[in-house]
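The structure displayed is predicted, hence computed values, not measured ones. Proteins come first, then strands; the chains are lettered A, B, ... in the order of their sequence lines, and each starts at number 1.
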Amino acid sequence: MSQVRVRFAPSPTGFFHIGSARTALFNWLYARHTGGVFVLRIEDTDQARNSDEFLNLIYDSLSWLGLNWDEGPKAGGAFGPYRQSERAHIYREYLEKLKAAGRTYEKDGAVYFKLIGERSEVFDEHRKKTVTKVAAAPSVIDDQIRGRVERTEDEDFVIVRSDGNPVFHFVNVVDDIAMKITHVIRGEDHLSNSSKHVELFKAFGAPVPSYAHIPLILKQNGPGKMSKRDQGALIEEYRKRGFLPEALVNFLCLLGWNPGGDREKMPIAEIIQLFDLPGVNQSNARFDEKKLAHMNMAYLLELPADRFVATAREYFERQARESELPKPALVADAAYFREIMLLAQPKIKGLEELPAYTAYFFTDDFAIDAKVKEKVMAKGDPKARLNELVAALPAMDFSSDTAIEEAIKKVAAEKTLGFGDYQAVARLALSGTNAGPSITSMFRVLGRERVRARLERLL
RNA sequence: GUCCCCAUCGUCUAGCCUGGUUAGGACACUACCCUUUCACGGUAAGAACCGGGGUUCGAAUCCCCGUGGGGACGCCA
């Protein structure tokens, strides 16, 4: 058996979305699983809608997700060029083969592919016009996921536009032949196209590749498949929002595939080992952002400290760049920044929460939650507790969380109170809210002077 | 309208191929536990085999028909 060659063939006509990412991912996984070759081919035959911005977005998104390609733009390879806009000479050559075989004809300036079979005029109610139907033999698609699918292509179709540009069906098949693609893994929306493609492969006398039509991703709410316009559809959005690519990849793998049993969170190396086409589901999956968020949290939680801090900094930098608002976190001392991020890491569900969660560490001018203040100040004698803490501060050992905890417990013991009697009011004074890291670590990281100033401010 | 694909908790799914399970897990939701707040974590609860026929001693599992969902029907890709 020769080496597996798969390709991901996006067109740079729009933002890179979840569905494309998963198609790329499944191709990549299959290539890695089989030790095959993952080809990136840019299908930019629609000159009117192509853009360099979208092209670069394809490169960036794939790279961010970790889906490296073995052949393609930037990577090179023996079957290039890998942008269809640069392959016109190849299409001309293949068109000649079809012409020589008598499988084409011209009409209205366009070149049509001629099916084999008897022709008759039929009125198409859906399209409200008379079309020429061909009584052709059924095309057989041998699909690794769906089994044997039969579909009869019953109309000749355009392969070269009247402006001379070849169309998708033609270039897609020509390139798959020329690039020696062995497996075509693509969305189920292409299943109906496959009969056209199979007929073209046969007309060229080329072997038909093995197909695998993967289920579609449906939008979270409402009917239909997810499209670029839907909420949460764009890869770029997750990147901006600070999702970890490894979490997104893991989640995407599970949308339509699983290794059987209960495994969900898995390192990519293990997924590569387990992934195979017959394990891919046949039914469409609805996108669930909540589950993705949970997966992201799980990955965030286990990120090594250095990587978490670096990732957090990247996130803050990106935010600063895109919103152009002052970001106090970025001008903070690196060691101080690190301490705070490590306090936040086990607490947050996503990087998005980071700015709000840590804001009061980076500025003295933080908001105080009025409702929380009202509640905290109404219970017991909070001002007395603050005074006692302020009085104890000069002698307090700030060297560790446990030392601070002991010191506060000592203050409490003297009044025959507990740690809890100081916790809420101190937290309010230090952060203006009622949620956050442990109060002792807040003391330690903020430092004696800042703690004193903030405690006194509430008196 | 025609053709193609699909069908297990609200969602993602295991189980189906090779019929016999208290139909399992995860997300979400609820309760409790843990706890110095908030999270995390733990425990528990609720929650599904689309309907009908057939085959069979026995069907989520095999077959057929409905129904429902999705896709395709461009000189877009």
Within 6.0 angstrom of A:K415 NZ, more than 12 heavy atoms from elsewhere: no
Expected output: side-chain A:Q345 to main-chain A:L300 donor-acceptor under 3.5 Å: yes
For A:S283, side chain to side chain contact (heavy atoms under 4.5 Å, CB included) partners two or more places apart: none
Pairwise C1' distance, B:C29 and B:A44 [rounded to whole Å]: 14 Å
A:H17 (side chain) donor-acceptor with A:L234 (main chain) under 3.5 angstrom: no
Whether A:H183 and A:Y30 hold their rings parallel, tilted or perpendicular, with breakpoints at 30° and 60°: tilted
Sugar-phosphate, base or nothing in reach of A:K225, heavy atoms under 4.0 Å: sugar-phosphate
Distance between C1' atoms of B:G19 and B:G58 (Å, rounded): 8 Å
Sugar-phosphate only, base, or nothing, as touched by A:N281 at under 4.0 Å among non-hydrogen atoms: sugar-phosphate
Pair A:F16 + A:Y59: ring centers closer than 6.0 Å: no
Sugar-phosphate only, base, or nothing, as touched by A:H213 at under 4.0 Å among non-hydrogen atoms: nothing
Opposite nucleotide pairing with B:C17, Watson-Crick or G-U, both atom distances under 3.5 Å: none
Residue matched to B:A72 through Watson-Crick or wobble contacts both under 3.5 angstrom: B:U2
A:A392: partners by side chain to side chain contact (heavy atoms under 4.5 Å, CB included), with sequence neighbours left out: A:M396, A:V411
First of A:L301 and A:R49 reached from the 5' end of RNA chain B, by closest nucleotide: A:L301
Stretch residues 423-447 of chain A: residues that reach within less than 4.0 Å of RNA chain B through a heavy atom: A:Q423, A:R427, A:N434, A:A435, A:G436, A:P437, A:S438, A:I439, A:T440
Salt bridge (Lys or Arg N to Asp or Glu O under 4.0 Å) against A:R338, all qualifying residues, sequence neighbours excluded: A:D306
Ion pair check, A:K265 and A:E302, cut-off under 4.0 Å: yes
Spacing of the C1' atoms in B:A28 and B:A47 (rounded, Å): 11 Å
Sugar-phosphate, base or nothing in reach of A:S283, heavy atoms under 4.0 Å: sugar-phosphate
side-chain hydrogen bond (donor to acceptor under 3.5 Å, both in side chains): pairs with one or both residues in residues 350-362 of chain A, sequence neighbours excluded: A:R241-A:E352
Sequence neighbours excluded, every pair satisfying side-chain hydrogen bond (donor to acceptor under 3.5 Å, both in side chains) that has a member inside residues 208-222 of chain A: A:D143-A:H213, A:Q144-A:S210, A:R186-A:H213, A:S194-A:H213, A:K219-A:D230, A:Q220-A:E289
First of A:D44 and A:K291 reached from the 5' end of RNA chain B, by closest nucleotide: A:K291
Those residues that, when tested against A:D124, pass salt bridge (Lys or Arg N to Asp or Glu O under 4.0 Å) (two or more places apart): A:R127
A:L67 versus A:F38, closest heavy-atom pair with distance: O-CE2, 4.2 Å
Sugar-phosphate only, base, or nothing, as touched by A:E43 at under 4.0 Å among non-hydrogen atoms: sugar-phosphate
Sugar-phosphate, base or nothing in reach of A:T152, heavy atoms under 4.0 Å: nothing
Pairs meeting criterion side-chain hydrogen bond (donor to acceptor under 3.5 Å, both in side chains) with involvement of residues 242-259 of chain A, two or more places apart: A:E246-A:R307, A:N250-A:Y299
Strand partner of B:A26, provided both Watson-Crick or wobble distances fall under 3.5 Å: B:U11
Touch class at under 4.0 angstrom, heavy-atom based, for A:Q282 against every strand present: sugar-phosphate
Interface limits on RNA chain B, where chain A has a heavy atom under 4.0 Å of a nucleotide atom: B:G1 to B:A77
Touch class at under 4.0 angstrom, heavy-atom based, for A:G256 against every strand present: sugar-phosphate
Those residues of residues 135-150 of chain A lying under 4.0 Å from RNA chain B by at least one heavy atom: A:R146, A:V149, A:E150
Contact list for residues 373-388 of chain A, test salt bridge (charged side-chain N to carboxylate O under 4.0 Å, His left out), sequence neighbours left out: A:R385-A:E388
Sugar-phosphate, base or nothing in reach of A:G224, heavy atoms under 4.0 Å: sugar-phosphate
Within residues 370-384 of chain A: residues closer than 4.0 Å to RNA chain B (heavy atoms): none
Sugar-phosphate, base or nothing in reach of A:K265, heavy atoms under 4.0 Å: nothing
P-based separation of B:C32 from B:G69 [nearest Å]: 40 Å
Sugar-phosphate only, base, or nothing, as touched by A:N193 at under 4.0 Å among non-hydrogen atoms: base
